[in-house]
> 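Can you keep this structure in mind? I'll have questions shortly.
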Number of protein chains: 2
Amino acid sequence: MKNIISNINKAFDHRIRLGIMSVLMVNDHADFKTLKELLGATDGNVASHTKALEKQNYIKVEKSFIDRKPNTKYIATTTGRKAFQEHLAALEKLLNPENGLKTKS
Amino acid sequence: MKNIISNINKAFDHRIRLGIMSVLMVNDHADFKTLKELLGATDGNVASHTKALEKQNYIKVEKSFIDRKPNTKYIATTTGRKAFQEHLAALEKLLNPENGLKTKS
DNA sequence: TAGTTTTACTTTGTTTTTCAAAGTACTTTA
DNA sequence: TAAAGTACTTTGAAAAACAAAGTAAAACTA
């Protein structure tokens with residue numbers, strides 16, 4: 001490890017994306033509206049952050065019609081779950097005071 | 001709490017700022033060069049992220065000369081320490097799977 | 001059944017943030 | 001005293017974030 005933040009994943013460096021992943025880790029899927037409400041985000045915000053995670057292959061999208069209305073369902077991919085867990089491990093390591101951050105005694 | 005990310009502090013939403021605060025939580029101070037090396041960041045990057053934290057009154061800066069060379073020392077303020085600890089609490093709460101993120105049984 | 005509102009998103013363009021290269025002001029070394 | 005190094009700061013381009021506006025179909029309303 002070259003530096004103390006090298007294992008922190010840039011893709012999860014934003015609270016909305018962190019929130020999306022957290023939701024998708026405990027639920028096998030969540031739809032657009034659910035994410036929007038849980039995160040208190042605007043439509044455009046949910047759209048762009050989910051798109052960013054999709055681009056990285058961390059989540060996938062399934063579009064269908066439920067009750068004749070369009071429904072967009074987001075699901076964390078295996079890659080995404082793995083990446084997120086590694087991110088959490090990196091966070092824990094960084095934030096744990098007993099981890100060599102002290103520069104002098 | 002209106003939504004699951006409302007207690008996550010936007011000011012710490014970036015890995016470099018997270019790293020700076022982590023370092024300043026365990027060390028009573030750190031200078032420019034130390035932060036730069038620990039974080040593996042560029043000069044401009046350290047400058048702008050410390051400035052952002054300074055603007056929020058989360059860290060303060062002390063400038064002096066050591067061995068006739070300019071030295072910039074960063075110190076976490078009481079406000080900053082408090083804000084960071086609250087941020088960590090919010091993160092833990094969000095990331096703990098047993099915290100009401102499940103939308104259905 | 002024509003018009004209005006709502007739902008479920010997507011697109012757009014502005015604003016904000018991030019970033020590293022270049023700049024500054026010294027000090028040190030040759 | 002010229003060149004190189006140190007310790008930052010400034011700058012401006014590039015990328016990201018954001019919410020307002022747009023779209024399209026459904027549902028309600030008169």
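As the structure is a computational prediction, the values presented were derived from the model and not from experiment.
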> Would you kindly give the CG-to-C1' distance between D31(A) and dA8(C), to the nearest whole Å?
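Atom-to-atom, D31(A) to dA8(C), this comes out as 10 Å.
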
> I want to verify a distance call: between dT9(D), dC18(D), dC9(C), whose nearest atom is closest to the H14(A) side chain?
dC18(D)

> Please determine, for the side chain of A47(A), which listed nucleotide (dC18(D), dT11(C), dC8(D)) has the closest atom?
dT11(C)

> When you match A41(A) and K33(B) each to their closest nucleotide on DNA chain D, which lands nearer the 5' end?
K33(B)

> With the side chain of D43(B) defined as its heavy atoms from C-beta on, choose the nearest nucleotide among dA17(D), dC19(C), dC8(D).
dC8(D)

> Can you tell which of dA8(C), dC19(C), dC8(D) lies closest to the side chain of H49(B)?
dC19(C)

> Examine distances only and state if a side-chain atom of S48(A) and a backbone atom of G44(A) form a donor-acceptor pair shorter than 3.5 Å.
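It does hold such a pair.
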
> Are any side-chain N or O atoms of H87(A) and backbone N or O atoms of N9(A), one a donor and one an acceptor, separated by less than 3.5 Å?
yes

> In whole angstrom, give the distance that lies between atom CZ of R17(B) and atom C1' of dT17(C).
8 Å

> Atom CG of L53(A) and atom P of dA17(D): how far apart are they, to the nearest Å?
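One finds 10 Å between P of dA17(D) and CG of L53(A), rounded.
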
> Measure CZ/F65(A) against P/dA8(C) and give the value in whole Å, please.
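For the pair F65(A) CZ and dA8(C) P, the rounded distance is 12 Å.
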
> Using heavy-atom distances to pick each residue's nearest nucleotide on DNA chain C, tell me which of K10(A) and Y74(A) is more 5'.
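Looking at DNA chain C, the more 5' nearest nucleotide goes with Y74(A).
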
> Is there a side-chain polar atom (N or O) of K73(A) under 4.0 Å from OP1 or OP2 of dC9(C)?
no

> Taking the side chain of K69(B) as its heavy atoms from C-beta onward, which of dA8(C), dA7(D), dC8(D) lies nearest to it?
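Ranking dA8(C), dA7(D), dC8(D) by closest atom to the K69(B) side chain puts dA7(D) first.
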
> Out of dT11(C), dA7(D), dT10(D), which nucleotide sits closest to the side chain of P70(B)?
dA7(D)

> Classify the side-chain pair N27(B)/Y74(B) by whether it contains a donor and acceptor separated by less than 3.5 Å.
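No - no donor-acceptor pair under 3.5 Å links their side chains.
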
> Rounded to the nearest 0.5 Å, what separation is found between the CG atom of N3(B) and the CZ atom of R15(A)?
9.5 Å

> Across the strands shown, which category fits T42(B) at heavy-atom distances under 4.0 angstrom: base, sugar-phosphate, nothing?
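Contact class for T42(B): base.
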
> So, does T72(A) use its side chain to make a donor-acceptor pair with the main chain of F32(A) at under 3.5 Å?
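No.
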
> Would you please confirm or rule out a distance under 4.0 Å between OP1 or OP2 of dT18(C) and any side-chain N or O of S48(B)?
no

> Whole angstrom is fine here: how far is it from CG in N45(A) over to P in dT11(C)?
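Value for this atom pair: 16 Å.
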
> Send over the distance from K51(A) NZ to dA19(D) P, rounded to a whole Å.
17 Å

> For G44(A) and for F32(B), find the nucleotide of DNA chain D with the closest heavy atom, then tell me which residue's nucleotide is more 5'.
F32(B)

> To the nearest Å, give me how far apart CZ (R68(A)) and C1' (dA24(D)) are.
14 Å

> Without decimals, in angstroms, what is the distance between D67(B) CG and dT29(C) P?
11 Å

